[in-house]
Structure formats: structure tokens, C-alpha cells
Novice: 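Below are the C-alpha cells for one structure; questions will follow.
Hydrogens, waters and symmetry mates are skipped; everything else that's a heavy atom, side chains included, is used.
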Amino acid sequence: PSAFDKQSETASPGFYALTLLSGIRAEMSATTRAGVFRFTYPKGVSRKLLVDLQEALVVFGSRGETNRVLSCTATPTKTGLAVEEVVECWAKRHVFGRLRFSDEALTIAELPRRNPCEKAPRLVFDFGVSDENALTVVSGLATSDDAGAQAAADEIGDFDLVRVRREAEAQWREALGRIEIDGDLRT
């Protein structure tokens, strides 16, 4: 995990953001089935993204236990990543994931396994230095199949985090707007 500045943390319905001590600003929002992440790097810094598939999906069981990755197939490309993992917590399940990047990676490197029991890779995508300095990532997950994960990622469409955030806030307002509370405001 990366250290971050607690004072930089911002959270609201449908949005979360923070600034890492390295100066990278991370912003996140989501639809019902997909997420969008924007990473803004300091000027002159190479935009690198670590995708740790061994630690990426953690499912907690009813007794607090976490999942084990039994197998993982990852297919990285310069514009994204397709993943199929079999994880076990209280039951075995297949999880399919898709990532799409707003920019094309210049290089992709797999880091060495930290121990022989690891079943999933840790991948570093290097997007180089850009005048814009932002990298947007769209993610979709499904338990059905790869097509379901792709369809989930396609919900985001155009990498527009601001639009996704507005839509998520509107959904929260609509859901919370149905709640009425009666009572004495003095207590």
C-alpha cells in the first residue's frame, strides 16, 4: 500500500479522492458495475501504474477470513488488461475483470513473485511522461464471464470521471430522497 496525506482525503456519495505522498492525486467514482479511476502525476514524472492481481480482489468471509487466489490468467495489452481469477473464501468462484486505459502503455513489466505460493502477477504499466499528466483507468468486474466484465467496463464508455461522479451523486440523492425522518430536531 502507498502512504497518503490524510488531510488530502475527500469523500462524498459516489466519489473518493486522496493524494499519495509521492504527489500522485487519485480520484475514484463508480457506476453499479464498473469503476473509473483518474491518477494525476506531478509534472515530469513517468506515469507508472502497478496492478497487483495477487492482492487486488479481497473478499471477506462471514468469519473474517480472506480469499485465496487459486489461479489467475492475466492478458495485459498496451491499452488494458483482461483477468480471470479463481478465488476461494467460503466457496470457489470465478471472477473476471477488464481494465481499459486512457493512454497506451509504452512498456509492461511483470514483477517477481514475492513467494512461491503466489498465483497472480503484479504488473507495472509505464505510460511515460505526458504534458497532460493524468491517466484514467476504467474497470469492470463480473462473476459470469469475460463478456460480462467487458460489458461492465463499457458502462463507463468515454473515461469521463466527472460525468460518472455526477451520475453517482444523482443516484444517491434519488435513493436518499425517499427517506423521511420525523422527530424532534432538539434531540
Novice: Go through the structure and list residues passing salt bridge (Lys or Arg N to Asp or Glu O under 4.0 Å) with R113, not counting sequence neighbours.
Specialist: E110
Novice: Give me each pair satisfying ring-ring contact (aromatic ring centres under 6.0 Å, His included) with a member in residues 153-184, each pair once, sequence neighbours excluded.
Specialist: none
Novice: What residues form a side-chain contact (heavy atoms from CB on, under 4.5 Å) with V124, not counting sequence neighbours?
Specialist: K48, L50, L111
Novice: For E118, what residues pass the salt bridge (Lys or Arg N to Asp or Glu O under 4.0 Å) criterion, not counting sequence neighbours?
Specialist: R114
Novice: Could I get the full list of side-chain contact (heavy atoms from CB on, under 4.5 Å) partners for E27, not counting sequence neighbours?
Specialist: F15, A17, R25, R38, T40, L161
Novice: Heavy atoms, side chains only, cut-off 4.5 Å: are L53 and E85 in contact?
Specialist: yes
Novice: With sequence neighbours excluded, what pairs up with R178 under the side-chain contact (heavy atoms from CB on, under 4.5 Å) test?
Specialist: E174
Novice: Answer with yes or no whether the side chains of D146 and Q150 bring together a donor and an acceptor at under 3.5 Å.
Specialist: no
Novice: With sequence neighbours excluded, tell me which residues meet salt bridge (Lys or Arg N to Asp or Glu O under 4.0 Å) with R165.
Specialist: E169
Novice: Which pairs, with at least one residue in residues 117-157 and sequence neighbours excluded, count as a ring-ring contact (aromatic ring centres under 6.0 Å, His included)?
Specialist: F101-F125, F101-F127
Novice: Taking only residues two or more places apart in sequence, or in another chain, which ones meet N133 in a side-chain contact (heavy atoms from CB on, under 4.5 Å)?
Specialist: K43
Novice: Quick one: hydrophobic cluster around V86, which other residues, with the 4.5 Å side-chain cut-off, linked directly or via members?
Specialist: L70
Novice: What pairs of residues pass the ring-ring contact (aromatic ring centres under 6.0 Å, His included) test when at least one of them lies in residues 27-49, not counting sequence neighbours?
Specialist: none
Novice: List for me each residue that meets side chain to side chain donor-acceptor pair (under 3.5 Å) alongside S12, sequence neighbours excluded, and say none if there are none.
Specialist: none
